[in-house]
Amino acid sequence: MPIMTVIYALLLYGAAAVFGLGVSYRVLTYARTPAPLKIPTMPAPVTRTGVVFRVAREVALFESLFKSSKWTWIFAVMFHLGLLLEVVRHLRYFIQPIWFWTVLVQPFGVYGGVVMVVGLLGLLGRRVLIARVRYISQPSDYLMLLLLLGIGLSGLAIKFLDHTDIVSFKAFVLGLLYFDWQPLPDSPLLLAHLSMVAALLIAFPFSKLLHAPGVFFSPTRNQVDDARERRHLAPWAAQLEGAGDEV
Amino acid sequence: MSTSIDLKAATRTFLAQTEGHLATYLEGCVHCGACADACHFYTASGDPRHTPAYKLFPIAKAHRNHKFPFGWFGFARPIGERDLREWEELLFDTCTMCGRCTMICPMGIDIAAIVAGARRAFVAAGLGPADLLAAADSSRDHGSPLGVTADKLRDRIAWIADDNDVTIPLDQAKADVLLTLSSVETMKYPQSVAAMAKLLNHAGVSWTLSTKGYEATNFGYLAGKGAIAKTMVERVVAAAESVGAKTVVIPECGHAYGVMRWSAAAMLGRPLPFQVLHISEFLAHLMREGKLQLTPFDEPITYHDPCQVSRRGGATADAREVLGGFARGFREMTPTGDENWCCGGGGGVQAIGRAANLRYQVFKLKMDQVEKSGAKTMVSACSNCRLTMDESKAHWQWPGGIDSLVEIVADHLVEAPRKTQ
Ligand code: HEM
Ligand code: SF4
Ligand code: SF4
């Protein structure tokens with residue numbers, strides 16, 4: 001077994017474990033900590049169904065962002081939609097036989113990669129060029145964009161410049177899934193691509209990428225406007241209001 | 001106020017809050033900066049430090065340092081004195097907790113709530129603007145931020161009743177409705193108190209004021225002093241319970257309504273034994289019941305939405321319903337309703353002397369809105385907005401009129417003599 005295969009197999013197992021455990025832990029925390037107050041953003045839906053639609057619009061259409069900034073919205077949609085297409089496209093490495101609908105996605109998947117990279121460049125340009133956005137940008141904001149760009153560009157390079165042996169790569173991935181390791185194709189671009197994906201997975205539960213699960217738990221968006229009708233119970237909040245900060 | 005900063009207390013107070021739902025917000029901010037344009041402070045000043053997301057940095061930093069000690073790539077340092085000193089002004093002077101940024105934030109991050117939480121940590125550290133903190137202490141010790149004690153209230157009410165020839169029930173044994181007052185009205189806009197009394201009397205409401213709990217404003221909440229915030233709520237609840245009120249009416253004061261509507265039950269630790277209505281909502285109810293007879297009013301007027309009543313409170317339609325009943329010259333400004341611009345003085349900023357110039361800058365947005373609407377007068381349903389705007393108006397020597405909803409309505413009651421302008 002080539003040494004690279006062993007290293008990458010271990011790296012990917014580790015990254016997947018950090019990602020899975022880390023994100024589950026954060027999501028459990030979000031789900032368990034009640035919002036102390038009722039404070040939906042007005043006008044708020046008055047029924048649960050209304051809330052489901054509101055959150056769905058935020059996730060699928062980035063509704064609020066659309067209202068506030070069209071350019072950011074365009075780049076954000078390009079990037080996220082491109083990413084989504086790519087993720088779906090990559091499913092073909094994990095499943096055998098390939099599902100019918102993932103086959104349908106394949107031709108669009110390539111565009112997905114390009115669109116994603118363009119979106120990322122737009123977001124990066126925005127961050128560098130607009131003074132006020134630059135001001136609130138921290139090193140991790142840039143690193144995250146660069147990391148995703150790196151993943152996108154190395155992926156496209158594999159596709160268009162240095163076509164890797166996809167069949168043996170799929171064998172490697174399935175081997176990981178079934179604990180029957182197969183050799184990893186020997187391609188520097190592929191190794192770079194995989195390293196960056198592993199880094200992304202590891203960073204996920206410790207970074208702003210938590211916005212993905214977080215958006216579902218945003219109290220201003222997922223609450224029903226019924227503060228008058230039903231008291232919102234959060235015992236620890238009452239405690240905090242009263243005594244936590246005696247001055 | 002001592003000059004040494006208690007960093008540990010600040011960190012502790014930050015972290016006590018990020019254990020809760022604030023973590024979702026702090027971890028979810030993608031630093032996209034979309035919120036900047038929504039904030040009147042950024043829009044008026046163009047200063048990138050006024051971007052809402054930037055105001056979250058100290059508490060986010062404390063959280064990251066605590067939650068992710070290894071900090072990925074070593075970016076999770078603890079907060080230091082410099083952070084606190086730099087952000088003190090930003091957290092107190094440049095956030096009116098108006099909630100406008102939350103409307104456009106793709107993650108729905110409640111900046112106002114985080115600012116309120118962060119302020120507590122600054123206060124715990126021994127920071128915070130002295131005038132705002134003093135207003136909170138005065139509320140605890142004298143009953144109101146402007147020193148309106150129960151005795152002073154009695155005198156003041158007797159004088160207002162006398163001067164305006166109106167009956168103002170105080171400390172009735174029983175009443176359906178308990179009216180509360182903002183000391184801004186009691187001390188600076190007594191006509192508003194008289195106007196509310198006229199309206200409630202006209203509609204035949206069984207109501208009273210109470211010396212047990214009369215102050216609607218909650219500077220404990222605004223100044224980040226949780227214990228005082230709770231005391232203020234308890235006083236109103238005790239007063240309402242003692243007269244058996246089914247409804248507590250909040251006067252023209254935005255944050256008083258916000259606190260009572262959203263936070264009071266949680267502070268109290270039990271459901272409120274009454275319904276909370278803002279005076280504009282109460283008037284809309286009376287109107288629907290046909291209890292307000294008004295004469296038409298033709299002057300071109302517009303409505304300034306107090307943030308805590310409209311955007312944060314959800315009572316956006318009520319004032320319009322009331323005005324629609326008689327103000328034929330009513331027109332909207334742009335943006336309006338839930339998206340209206342803040343007066344610049346909410347969230348306690350009105351009480352911070354050093355923030356005056358910022359407030360004046362912010363008011364330019366409002367002057368522009370009103371001028372474009374073609375209205376001669378702007379009506380507000382918050383005496384704090386009104387005071388802020390009156391001061392800014394004086395600063396710019398702006399000719400536009402600023403009035404209060406209750407006063408305009410009371411002036412047009414059928415039996416009331418018309419005010420000669
Ligand atoms: C439920 C799924 C998701 C939703 C609703 C969502 C939504 C958003 C929104 C509205 C923004 C702000 C606009 C922008 O600056 O682009 C954003 C930013 C961002 N998202 Fe997502 N996202 C999701 C999943 C993801 C995932 C899975 C990743 C990466 C693995 C990701 C990476 C990013 C990055 C890096 C940014 C910051 C872009 C910048 O620096 O300007 N997002 N997301
Ligand atoms: S709009 Fe929301 S997510 Fe974007 S920077 Fe502002 S607070 Fe953060
Ligand atoms: S709540 Fe209002 S004042 Fe505070 S940061 Fe947001 S927009 Fe600005």
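Each chain gets a letter, A, B and so on, in the order its sequence line appears, and its residues count up from 1.
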With a 6.0 Å cut-off (strictly less than), is the heavy-atom count around [atom1] of [X], excluding the residue itself, greater than 12?
| X | atom1 | answer |
| --- | --- | --- |
| Lys8(B) | NZ | no |
| Phe53(A) | CZ | no |
| Tyr142(A) | OH | yes |

Short question: side chain of [X], backbone of [Y] - any donor-acceptor pair under 3.5 Å?
| X | Y | answer |
| --- | --- | --- |
| Ser218(A) | Met107(B) | yes |
| Arg132(A) | His50(B) | no |
| Ser69(A) | Ala34(B) | no |

Separation between [atom1] of [X] and [atom2] of [Y], rounded to the nearest 0.5 Å:
| X | Y | atom1 | atom2 | value |
| --- | --- | --- | --- | --- |
| Ser207(A) | Arg64(B) | OG | CZ | 10.5 Å |
| Lys208(A) | Cys29(B) | NZ | SG | 8.0 Å |
| Leu210(A) | Leu26(B) | CG | CG | 11.5 Å |
| Thr102(B) | Arg221(A) | OG1 | CZ | 7.0 Å |
| Glu63(A) | Ile104(B) | CD | CD1 | 12.5 Å |

**OP:** Considering non-hydrogen atoms only, spot the tightest contact between Ser64(A) and Cys105(B) and give its length.
**Re:** CB-O, 3.6 Å
Original post:
What is the minimum heavy-atom distance between Ala53(B) and Ile136(A), and which atoms define it?
Top reply: CB-CD1, 4.3 Å
Could you look at [X] and say if it's the side chain, the backbone, both or neither that has a heavy atom under 4.5 Å from chain B?
| X | answer |
| --- | --- |
| Pro213(A) | neither |
| Arg126(A) | side chain |
| Phe62(A) | neither |

Original post:
Which residues in residues 41-49 of chain B have any heavy atom lying under 4.5 Å from a heavy atom of chain A?
Top reply: Tyr42(B), Pro48(B), Arg49(B)
Subject >> Structural part of Thr51(B) lying under 4.5 Å from a heavy atom of chain A >> reply: side chain
**OP:** Please determine if Glu27(B) and Arg26(A) form a salt bridge, counting it only when a charged side-chain N lies under 4.0 Å from a carboxylate O.
**Re:** yes
Subject >> Pairs of heavy atoms under 4.5 Å with chain B: top-ranked of Glu58(A), Arg134(A), Gln138(A) >> reply: Gln138(A)
Subject >> Partner chain B: residue of Val133(A), Asp141(A), Leu209(A) with the largest heavy-atom pair count (under 4.5 Å) >> reply: Asp141(A)
**OP:** Report yes if the side chains of Phe66(A) and Pro106(B) come closer than 4.5 Å at any heavy-atom pair, otherwise no.
**Re:** no
